[in-house]
Amino acid sequence: MIVSEQIAIDHGLKKDEFKKICQLLKRTPNITELGIFSAMWNEHCSYKSSKIHLKTLPTKGKRVIQGPGENAGVVDIDDGDAIVFKIESHNHPSFIEPYQGAATGVGGIMRDVFTMGARPIANLNSIHFGSPQHKKTKNLLRGVVHGIGGYGNCMGVPTIAGQTSFDSSYNDNILVNAMTLGLVKKNKIFYSKAAGLNKPIIYVGSKTGRDGIHGASMASANFDEKIEEKKPTVQVGDPFTEKLLLEACLELMTGDSIIAIQDMGAAGLTSSSVEMASKGNLGIEINLNNIPCRESNMTPYEIMLSESQERMLIILENGKEELAKKIFEKWNLDFAVIGKTTNSKKIELFFNNNQVASIPINTLVENSPVYDRKWKKTKMPRRNKFKKEVFKNLKIIDVLNKILANSNVCSKEWIWQQFDHTVMGDTIQKPGGDAGVVRIHGTNKAVATSVDSSAVYCWAHPFTGGKQIVCESWRNLISVGATPIALTNCLNFGSPENENNMGEFVECLQGIAEACEYLKYPIVSGNVSFYNQTKDIGIKPTPTIGGVGLIKNYSKMVTMEFKEVNSIVLVIGKTEGNIDQSIFARYILDEKNGPPPEINFFNEKNIGETLLKLIENDLIKSAHDVSLGGILTAISKMCIKGNKGINLKKPKLLIHELEYFFCEDQGRYIIEVHPNNLKTIKNILDKNAVHYDELGTINDNNELYFNDKIKVAIEELKNSNTYWLKDYMRK
Amino acid sequence: MKSSVITFPGSNCDRDIDVALKKFGFKNRMVWHADVELPKSDLVVLPGGFSYGDYLRCGSMAAKTKIMQSVINFAKGGGLVLGICNGFQILVETGLVPGVLLRNKYLEFICKNVFVKINNKHNIFFKSLEKDILEFHIAHNEGNYFCSKDQLKEIEDNDQVALYYCNQNGDTEEQYNPNGSIKNIAGIFNKEKNIFGLMPHPERMIDKSLSGEDGSLFFKNLINNLK
Amino acid sequence: MKISVVITLKKDVLDPQGKIIQQTLDGMGFNNLNEIRQGKFFEIDIKESDPKKAKIQVDDMCKKLLANLVIENYKILEL
Amino acid sequence: MKISVVITLKKDVLDPQGKIIQQTLDGMGFNNLNEIRQGKFFEIDIKESDPKKAKIQVDDMCKKLLANLVIENYKILEL
Ligand SMILES: Nc1ncnc2c1ncn2[C@@H]1O[C@H](COP(=O)(O)OP(=O)(O)O)[C@@H](O)[C@H]1O
Ligand SMILES: [Mg+2]
């Protein structure tokens, strides 16, 4: 077939890009080559719109073993152990086929982690849906939850944390981000860099079918009415085969047969082979007739672009083929030697004894387009002045019940109960707390992890929002007693070709970078997902942070439920009463404008580190960071989980009690302390210049009192908090 | 005491049960599904997980493996067999214990703590266990126990129900039934009570840092009864 | 040749999937349903050109693996 | 009246279940199988005596809930 400009455009390439390809090749590409270029040059693989901005992120730290640039990031957790982790998006496929889209998202991220030699020990996910009233939301939510569970549960990896939100900006473009943590010995990490000439390249896992051809391009295409036509690109996951692939790969990895290994993810065989060759500065030769295919008559084009799941590419040491083959056959997986490394610095493909493609690797990688897109700054919105009258008709208990039942605040138990969160026998903090925690098997150590995003804040002011999510992630780890180590990020935005959306991206990233720098909380891996929109309207900017922290002695881990009657409850960090963009303002007062809460890096760091010190000294009985819904929401959740009541007194301050209890000022935690320790704790807080308010005492009558007068049963709060989602889904 | 845990392709609680058995004094061996011989054992455990992906029907394909033929012979000769979760589903598919396990009532996978009441202590699994009600943990998609009326009568007449789902006081009302099981049944014996299948995972309850410790009671008691 | 098999739950066996699907359809406005039962369908492509022989084999597969006769019935279809 | 529906995966869509079932059957000695594909079967009992109208409704159910047309085909059977 003669490749025309139109065919190139149909592949999602721009006219200029097609011209550049012809120039680089000094000829017109054939259809297979065009397919390869379109896959490698699209946004998803080339990062053409984000590259220059991603370079500004802090990625180094004393525990960082591997930063961005590999299948996943790696951090040191002492004693020769390391944690491999990464987050990835699977947004568009999940909208088209929620079960399979979400399932293959989970499968894909696990492969990224075990490719590096790590056994997955925890999964997380961050999922965002349209308004609950929207007609598609319920089925999408059900499908996504079943898909995540269907894959993760079958793999036997606990799903220990996550995040779920609803916002009408996701009505026609849901977000499904999946994250995995794996455990590896520091000296047994595997990388994707090819090395050595004439080394055998092997293909293992499932057979190649016509799944998801052009899936990677789809992830970068605008979502519009033509979606129907793009349907057949959805892949079907096979978690059972992935489980076998995991065990087989780990078995092969115990020896020294592997030079390089790479999973086949987006753009399948194309991107995996090109990336391995590129990193090793080598060429690669593949005989496509050797690829195990599921369907007959597959063309080179289809084979190269297939996104069939559960496949890996491995470069072996010479002479190890038989050994490897034995292992993969034992696990009933396909195995084939498909080519070798060369010194041509080209990717050369053969089919039926003909060369069907020959492309210099550097044209696909280094010479791929890079864009410095136009972007617009977002102004800081004006603060709202709320008249005191608006508070008058509001009863605090009603407000509290309403907020607890809000779709974004309510308990997500219905979701995480469908995820096996206890398999592997090391989960010591399950979903529903500030962070999930798993022990490092057979040691006293544990890792804590959480995923966070705040699309509303990022939408109101991207720069502030970017700072905020990093701080929130950091707080969630500290709340369970973990020292934050590093993070991964999934950047979900609208079209980079739209100045506003691009501006949101750039400024969120600046905020993220500043926060990471200040908190010494580096970024070790991540993923960018653009074009999240329907027609011309982008989603609210939704960068997601996946944080990982270390607990050196897990007996010191803290949980959020109130523990003991007569304990004193404090809030640490200063409450100013800024309610703009709080759930209280947006949902109760119906005021959607205004600036998000500010971040003060000094306080953030100081308070967090002070709290860690208190935890270290066994002075904290429970802790919970204050986030969506403010102090009262945080305290109610601690009461509900601990089945305890509390007598609350509002400190004598000038601000209104609704502002005090529901504002979302940043950098605050609720802590429970034993009365005998109160003095010591106050001393430490004073010495470290950490502001605190004493809020009240835990009681044993299961009621929440304000100033000894107004009261509400914890049972009532619990019902408000837990029933909404179950009712919504089961009705 | 010697135990053997069978690993099928797709088993994923095999390590967990191995850890638990060893913790309470068993000398455990892992047995690969393709093996034909069962090592000499005092107890054989079929672990949880998704053998063969849970495709077709849970446990259906594991039930046809060669090693299962050895397990069936072992069980029929009076050997002690414990099937946990997927292991229970495999037992049901081989016919070693009666009934079937259907999808959970709301078609939702359920992972949470539940209480179970021990129905019958005249057997090696529960003899002398000090508690009557245990806090266990479930994690399954197909734990909805079902059998015909006649079968149910037979099961009850032979005292084959091992565990009922209940609340912490041992009440077995429908509301404490997590998955729709007939009569709140959580575990079943064969007639001779040397084969025991249950949906809950006692191996996930062996440490106070985990979801609870009642699994420890179960395993400690079992090894004592075996001695 | 290709042979199709339908496997259905026996009448007195509870069908949680069918029930939920019925409820969902009802919620979507299909409220004139008496009952929905879900079953399985297999298309078996077998290297055997004699339909009789093929059927005997498929029958055997159903008995030995595809159906659980405690709760299910099967039917070999001529489509 | 009762209407039956068969839902099958589209041609090029992976059927992990069918694959493993085939392997298992092979291991059990059924080694002349080319392929097995698994699908779903629904028996719908609907309060509607006009077969045409009933079929139109069932068709609608398939499109809206029972089948995911992204990866599946459906067929309304006359059994
Ligand atoms: N937002 C980001 N922040 C930091 N690193 C990123 C980000 N997005 C992508 N990267 C890095 O770019 C590399 C390529 O990412 P990606 O294409 O998503 O990986 P994969 O090929 O495994 O799917 C990875 O090393 C990843 O960590
Ligand atoms: Mg990768």
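Heavy-atom basis, side chains included; hydrogens, waters and symmetry copies ignored. These figures come from a predicted structure and were not determined experimentally.
- Residue A:Ile428 holds its CD1 atom at 11.0 Å from NZ of B:Lys208, rounded to the nearest 0.5 Å.
- Atom CG of A:Asp238 is separated from atom OH of B:Tyr55 by 3.5 Å, given to the nearest 0.5 angstrom.
- Neither the backbone nor the side chain of A:Arg142 has a heavy atom closer than 4.5 Å to any heavy atom of chain B.
- Contacts of A:Met557 with chain B are absent, with no heavy-atom separation under 4.5 Å from either backbone or side chain.
- The pair A:Lys726-B:Glu108 does not meet the salt-bridge criterion, since no charged nitrogen lies less than 4.0 angstrom from a carboxylate oxygen.
- A:Asp426 touches chain B through backbone and side chain together, each having a heavy atom under 4.5 Å away.
- With a threshold of 4.5 angstrom between heavy atoms, B:Ser211 approaches chain A through side-chain atoms but not through N, CA, C or O.
- Of the two parts of A:Thr427, only the backbone, made up of N, CA, C and O, holds a non-hydrogen atom closer than 4.5 Å to a non-hydrogen atom of chain B.
- Contacts with chain B were tallied for A:Gly156, A:Ser555, A:Gly149; A:Gly156 has the most, counting heavy-atom pairs under 4.5 Å.
- Of the residues considered (A:Gly442, A:Cys154, A:Pro239), A:Cys154 shows the highest number of contacts with chain B, using heavy-atom pairs under 4.5 Å.
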For this session: Decide side-chain contact (heavy atoms from CB on, under 4.5 Å) for A:His441 and B:Val19; before the verdict, give the C-alpha distance in whole Å, the side-chain angles of both, and the deciding distance to 0.1 Å.
Result: CA-CA 10 Å; A:His441 196 70; B:Val19 169; 3.8 Å; yes
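- Within 6.0 Å of atom NZ in A:Lys445, more than 12 heavy atoms from other residues, nucleotides or ligands are found, so the atom counts as buried in its surroundings.
- Heavy atoms of B:Ile206 lying under 4.5 Å from chain A are absent altogether.
- Interface remark: of the candidates A:Glu413, A:Lys330, A:Gln429, A:Met424, A:Met424 forms the most heavy-atom pairs closer than 4.5 Å to chain B.
- No donor-acceptor pair closer than 3.5 Å links the side chain of A:Asp420 to the backbone N or O of B:Cys111.
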Problem set entry | Test log, rule side-chain contact (heavy atoms from CB on, under 4.5 Å), inputs B:Phe50 and A:Lys243 | CA-CA 10 Å; B:Phe50 289 67; A:Lys243 168 76 173 155; over 6 Å; no
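- Crowding of A:Lys718 atom NZ: a count of heavy atoms from other residues, nucleotides or ligands under 6.0 Å not exceeding 12.
- Taken to the nearest 0.5 Å, the CD atom of A:Gln418 stands 9.5 Å off from the CG atom of B:Asn104.
- Separating the OG1 atom in B:Thr7 from the CD atom in A:Glu247 is a distance of 9.0 Å, to the nearest 0.5 Å.
- Neither the backbone nor the side chain of B:Asn141 comes within less than 4.5 Å of any heavy atom of chain A.
- Within a 6.0 Å sphere centred on NZ of A:Lys556, other residues, nucleotides and ligands contribute more than 12 heavy atoms.
- B:Asp207 contributes atom CG, which lies 4.5 Å from atom CZ of A:Arg439 (distance to the nearest 0.5 angstrom).
- Counted within 6.0 Å of CD on B:Gln168, heavy atoms from surrounding residues, nucleotides or ligands total more than 12; the atom is thus considered enclosed.
- Note that the CD atom of A:Gln417 and the CD1 atom of B:Ile138 stand 8.0 Å from one another [nearest 0.5 Å].
- Summarising the geometry of A:Gly425 relative to B:Asp16, their closest heavy-atom pair is N-OD2, 3.6 Å, with the distance given to 0.1 Å.
- Atom NZ of B:Lys64 is surrounded by more than 12 heavy atoms from other residues, nucleotides or ligands within 6.0 Å.
- Counting heavy atoms of neighbouring residues, nucleotides and ligands inside a 6.0 Å radius, atom CZ of B:Arg29 does not exceed 12 of them.
- Under a 3.5 Å cut-off, the side chain of B:Asn12 and the backbone N or O of A:Asn153 do form a donor-acceptor pair.
- Only the side chain of A:Tyr554 comes within less than 4.5 Å of a heavy atom in chain B; its backbone stays farther off.
- Enclosure of atom NZ in A:Lys207 is not indicated, since only 12 or fewer non-hydrogen atoms of other residues, nucleotides or ligands lie within 6.0 angstrom.
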